[in-house]
Amino acid sequence: MGKRVALVLAGCGVFDGSEIHEASAALVHLSRGGAEVKIFAPNVEQRDVVNHLKGEPTEEKRNVLVESARLARGNIQDLAELKASEFDAVIFPGGFGVAKNLCSWAVDGKNCTVNKHVNSTLQAFHSAKKPIGLCCISPVLAAKVFPGCEVTVGQDKNVDGRFPDAETASAITELGCKHICKNVNESHVDKANKIVTTCAFMCKAPLHEIFDGIGTMVQEVLKLA
């Protein structure tokens, strides 16, 4: 019997939603691991909509659940309907949508607020001692919700120009959490809190290395489940 895993999306597209390669990588590794996956997203309006060709915001309005349905091939549910009791683990891919739509990190940094359904989902899995997997910018959700936890977003210095968002590690530390430096093809397991994190596109790396790192995160989540 495969593990039952909930995957939570934040839209569709790196600049205003979920990072598509990260979501796809997580789904591939979950499939390879024999997991039964259901996909969720909050039914809220996106903070903004970005023209990914120009890298500029537009005047459009889009819904996070509707946009996430593109990645889910239409098979998706409102995050408000997620019941932790029905799953063995939960995973959050990254992308700026996490920092814009699942919380306000993109605007407020460590002083951000977390969407109420995202917060309640994280709290429910944590309380039930079920593993939580997070990649890219998503570890900031754990840092905000679980003070004292251990996470990685890669390195805390911009090593060889590969970690341009290294200051995120400092913000995580300021929240009272421990940042663990890891390479892109690695993940970190906070055994006490059952939180597994990997940096993914927080590192400028070849796609296969990011894919492999997400694979280690998924494998560790499934081991803990």
Please tell me whether [X] and [Y] are part of a single hydrophobic cluster in this structure, the criterion being side-chain heavy atoms less than 4.5 Å apart.
{"X": "L207", "Y": "V218", "answer": "yes"}
{"X": "L82", "Y": "I195", "answer": "yes"}
{"X": "L141", "Y": "L79", "answer": "yes"}

*Of all residues at least two apart in sequence or in a different chain, which pass the salt bridge (Lys or Arg N to Asp or Glu O under 4.0 Å) check with R62?*
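With sequence neighbours excluded, R62 shows a salt bridge (Lys or Arg N to Asp or Glu O under 4.0 Å) to E60, E67, given in chain and number order.
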
Salt bridge (Lys or Arg N to Asp or Glu O under 4.0 Å) with D88: which residues, sequence neighbours excluded?
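Partners of D88 by the salt bridge (Lys or Arg N to Asp or Glu O under 4.0 Å) criterion, ordered by chain and then number, come out as R4.
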
* Sort and list the pairs that fulfil side-chain hydrogen bond (donor to acceptor under 3.5 Å, both in side chains) and have at least one residue in residues 27-45, not counting sequence neighbours. =>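 Qualifying pairs, neighbours excluded: N43-N63.
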
- Give every residue pair that meets the side-chain hydrogen bond (donor to acceptor under 3.5 Å, both in side chains) criterion with at least one member in residues 164-178, sequence neighbours excluded.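 Only K110-E174 qualify under side-chain hydrogen bond (donor to acceptor under 3.5 Å, both in side chains).
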
Please enumerate all residues that pass side chain to side chain donor-acceptor pair (under 3.5 Å) together with [X], with sequence neighbours excluded.
{"X": "R162", "result": "none"}
{"X": "E81", "result": "Q77"}
{"X": "D48", "result": "K100"}
{"X": "H126", "result": "N193"}

For the [atom1] atom of [X] and the [atom2] atom of [Y], what is their distance to the nearest 0.5 Å?
{"X": "I172", "Y": "C177", "atom1": "CD1", "atom2": "SG", "result": "7.5 Å"}
{"X": "T113", "Y": "K144", "atom1": "OG1", "atom2": "NZ", "result": "8.0 Å"}
{"X": "N183", "Y": "C203", "atom1": "CG", "atom2": "SG", "result": "8.0 Å"}
{"X": "D190", "Y": "T152", "atom1": "CG", "atom2": "OG1", "result": "12.0 Å"}
{"X": "I210", "Y": "F201", "atom1": "CD1", "atom2": "CZ", "result": "4.0 Å"}
{"X": "M217", "Y": "L222", "atom1": "CE", "atom2": "CG", "result": "10.0 Å"}

Which atom names give the shortest non-hydrogen contact between [X] and [Y], and what distance separates them?
{"X": "A169", "Y": "V153", "value": "N-CG2, 4.0 Å"}
{"X": "N101", "Y": "D16", "value": "ND2-O, 2.9 Å"}
{"X": "V50", "Y": "G55", "value": "CG1-C, 4.0 Å"}
{"X": "K204", "Y": "P164", "value": "CE-CG, 3.9 Å"}
{"X": "V5", "Y": "A35", "value": "CG2-CB, 4.0 Å"}
{"X": "L102", "Y": "A10", "value": "CG-CB, 3.7 Å"}

(Q) Please check: side-chain N/O of Q46 versus main-chain N/O of K61, any donor-acceptor pairing under 3.5 Å? (A)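 A pair under 3.5 Å: no.
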
Results of side-chain contact (heavy atoms from CB on, under 4.5 Å) for A128 - residues two or more places apart only =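 Applying side-chain contact (heavy atoms from CB on, under 4.5 Å) to A128 gives K130.
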
Practice prompt. Could you pull out all residues at least two apart from A23 that satisfy side-chain contact (heavy atoms from CB on, under 4.5 Å)?
Written response: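 Counting only residues at least two positions away or on another chain, A23 forms a side-chain contact (heavy atoms from CB on, under 4.5 Å) with L9, L71, P93.
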
Exercise for the section: Quick one: which residue pairs count as a ring pair (Phe, Tyr, Trp, His ring centres under 6.0 Å) with a foot in residues 150-180, not counting sequence neighbours? Expected result: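 Every candidate ring pair (Phe, Tyr, Trp, His ring centres under 6.0 Å) pair involving residues 150-180 fails, so no pair, neighbours aside, qualifies.
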
- Give every residue pair that meets the ring pair (Phe, Tyr, Trp, His ring centres under 6.0 Å) criterion with at least one member in residues 64-90, sequence neighbours excluded.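 Listed once each, the pairs are F40-F87.
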
Self-check item: Atom CZ of R70 with >12 non-hydrogen neighbours under 6.0 angstrom
Solution: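 Open.
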
